[in-house]
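Read through the structure below, which is laid out as C-alpha cells, and then see the notes.
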Amino acid sequence: MKIMVIDDEESMRHMLSVILKREGYETAAFADAGQAVAALEASEFDFVLCDIRMPGMDGMRFLKTLQDRGLGQTVIMMSAYGAMDTAIECMKLGAYDYISKPFKADEIILTVKKAEERERLKRENARLKDEAERDYDFRNIITEDRAMLEIIGLVKKVADYATPVLITGESGTGKELVARAIHHAGQRGLGPFVAVNCGAIPPNLLESELFGHVKGAFTDAHRNKTGLFQEADHGTIFLDEIGELPMELQVKLLRTLQEGEIRRVGDVKSARIDARVVAATVKDLKTEIKAGRFREDLYYRLNVIETRLPPLRDRKADIPALAAHFAGKYARRFGKRAKAILPEAMDELVRYPWPGNVRELENVMERAMILEEGGVIRKESLPIRENEPGAAYGGGLSVKKAQEAMERGLITKALAQTGNNKTKAAELLELSMRALLYKIKNYGL
Ligand SMILES: Nc1ncnc2c1ncn2[C@@H]1O[C@H](COP(=O)(O)OP(=O)(O)OP(=O)(O)O)[C@@H](O)[C@H]1O
Ligand SMILES: [Mg+2]
C-alpha cells in the first residue's frame, strides 16, 4: 500500500516515513498540501496522513479541495494535542480518522492498519457489487430458449476480449439488450458504451461523427471534433443498423478493425484506439453482400462470433416469462399493483405471432397495464387482435410501420405483375420513378 504523508515539519515527515517503511508501506512525503493535491490527481495513493496546522493550505482546506475535485481518498488527520474541535471539524469534512500529536509508533501503526482494513473492505465491496452488476445485466435477458442461451454463453466468454461481435435478428428481438450486456459483462464495462444508429445519421455526416475531423477539413469544420470511436475508447461502440453503413465507410471501418487505429477526416496522422465494436443489423448481410451493398471482408471481420437472435415466434416458450416480467416492470413504473395474467389472456399472448417480437410484447403489456383497472389482465385488455388496424405490421399503432408494410406489399406486387419492369410498376403504383427507386433501395426489395 502506498501512503501519502503531508506535514510541514521535516522531522515529522522523516519519522513517519521511517515507521511506515518498517511496516512495509511505500510512502511519499509532502511539505505542502497544494503540491500533495496535484500529486493525488496525477497518481494513486491508498491513503493520506495529513497534518492540520500548516502554512499555506492547511488540513481543512486540503480536505475541502479533495471534496471539490471529487478525490475520494481515505485521509487520517494529525492534530496537535488539545485541538479536538478542529479534529471533529475534519471528520465532518470527510476525514476518516484522526490521531493526536504527539503519538507513539504503535499508535500510528494501529490507526494505519485500521485504515488499511477499511480500504480493503471498500475494494472488496466494489468488486462484489461490480460482479453482481455483471450478472445482473445478463440476468436482464429473460429466456429459456436453447439458441438464446447458447448465444448468451458465447458472448459471456468473449466479454473480456476486444473481438468484434455481430448481432443479427429481426426488429425487437433484443439486439441492443445483448450488446449492452456484452459491454457490462466485460472489463470494458467501466468504460463508456457509445451507441450509434448508422441508418439515422445522414451519410455525408457519418464519417466525421464516427471518426471525428480536424478544423478546416471541410467548409463547416470550424473546430476539431472528436469522433464517437474516440469517445468509446476503452469501452464499446455499438454500431446499430450496420447494414446501412455506406461503402466508403465500410472500407474505413475495416481498416479500423484491422489496425486498431482511426484517422479523423482531414487528419494526416492516425490515432490508436481501443474500442470494442459490437454491430447489429436486421438485414441479412449475406444478401447484402450478393447485392454488392456490403463488403464481404468486413462481414467476416465482424462476424467472428455468430449471433442470430431467434424471432419470438420461434421461442414461444419464453412468452409467459417475458409477459410476466413486463407486467411487473410497468406495474412498478405506474405505481400499480402487479397484476395476474389470466390463462385465456396468456393463451392469446402465446398464440399471437409477434411480428414486432419482444418490443411489441413489451408495448402490449405496457398498454394493458395502463388500461386495466382491476387486479388482473384479461384477454380483452390486450391490444393484439390481428384484424385490428396496425396489428399485422407489428408496429403497434405506428402509422409509419403500417405505411411501410403496405408500400412494401404493393411494390412487390407491382414488380411481380410487370416482370420487374420498373417504369410500368411506377405507373401502376402512381409513383414517380425516383420515388420508386428510392423505396426499392430503402426497403431492400
Ligand atoms: N430476452 C429479453 N428479456 C427481457 N427484455 C427483452 C428481451 N429481449 C428484448 N427485450 C426488451 O425488448 C425491447 C426491444 O429490445 P432491443 O431494443 O434490444 O431490440 P432490437 O433487436 O435492438 O430492435 P431493433 O432492431 O428494432 O432496434 C427492449 O426494451 C428490451 O429491453
Ligand atoms: Mg435496436
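One-based numbering, in listed order, for ligands and for the atoms of each.
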- Task: Verify the distance criterion only: is there a donor paired with an acceptor across the side chains of E407 and Y443 at less than 3.5 Å?
- Result: yes
- Item | Pair N357-T173, side-chain donor/acceptor within less than 3.5 Å | no
- Task: Could you check atom 31 (O) of ligand 1 against the protein and tell me its nearest heavy-atom contact, residue, atom and distance included?
- Result: L177 CD1, 3.7 Å
- Could you tell me whether M148 and ligand 1 have an N or O pair separated by under 3.5 Å? no
- Task: Quick one: look at V282 and ligand 1, take heavy-atom pairs under 4.0 Å, and tell me if it's side chain, backbone, both or neither.
- Result: side chain
- Message: For ligand 1 and T143, I'd like to know whether there is a polar contact (N/O to N/O, distance under 3.5 Å).
- Response: no
- Under 3.5 Å: N/O of I141 near N/O of ligand 1: no
- Under the 6.0 Å and 45° cation-pi test, does K2 pair with Y25? no
- Query: Is ligand 1 under 4.0 Å from a heavy atom in the side chain of L322, in the backbone, in both, or in neither?
  - Reply: side chain
- Message: Any nitrogen or oxygen of E362, side chain or backbone, less than 3.5 Å from one on ligand 1?
- Response: yes
- Could you tell me whether the side chains of Y96 and Q73 share a donor-acceptor contact shorter than 3.5 Å? no
- Message: Can you confirm whether R146 is buried at CZ, in the sense that more than 12 heavy atoms of other residues, nucleotides or ligands lie under 6.0 Å from that atom?
- Response: no
- Task: Please state which part of F238 comes within less than 4.0 Å of ligand 1, counting heavy atoms only: side chain, backbone, both or neither.
- Result: neither
- Task: Distance to 0.1 Å, residue and atom name: give those for the protein heavy atom nearest to atom 19 (O) of ligand 1.
- Result: G174 N, 3.2 Å
- Query: For E430, does the CD atom sit with more than 12 other heavy atoms under 6.0 Å from it, leaving out its own atoms?
  - Reply: no
- Query: Just distances here: any N/O of I142 and N/O of ligand 1 closer than 3.5 Å?
  - Reply: yes
- Query: Among all protein non-hydrogen atoms, which one is nearest to atom 10 (N) of ligand 1, and what is the separation to 0.1 Å?
  - Reply: V358 CG1, 3.4 Å
- Item | K422 NZ: over 12 foreign heavy atoms closer than 6.0 Å | no
- Task: Under 4.0 Å, heavy atoms only, figure out whether ligand 1 is touched by the backbone of T173, its side chain, both or neither.
- Result: both
- Query: Taking distance alone, with no angle check, do S171 and ligand 1 share an N/O pair under 3.5 Å?
  - Reply: yes
- Item | Residue from T281, D284, T287, I289 passing side chain to side chain contact (heavy atoms under 4.5 Å, CB included) with F294 | I289
- Task: Please indicate whether any nitrogen or oxygen in G172 is less than 3.5 Å from any nitrogen or oxygen in ligand 1.
- Result: yes
- Item | atom 22 (O) of ligand 1 - nearest protein heavy atom and its distance | E176 N, 3.2 Å
- Query: Are more than 12 heavy atoms from other residues, nucleotides or ligands located less than 6.0 Å from atom CD of Q258?
  - Reply: yes
- Please verify whether a non-hydrogen atom of N140 lies at under 4.0 Å from ligand 1. yes
- Message: Tell me whether F334 at atom CZ has more than 12 heavy atoms from other residues, nucleotides or ligands lying less than 6.0 Å away.
- Response: yes
- Query: Counting both backbone and side chain atoms, is some N or O of R359 under 3.5 Å from an N or O of ligand 1?
  - Reply: yes
- Heteroatom proximity flag, K175 to ligand 1, N/O under 3.5 Å: yes
- Please determine if K379 and E344 form a salt bridge, counting it only when a charged side-chain N lies under 4.0 Å from a carboxylate O. no
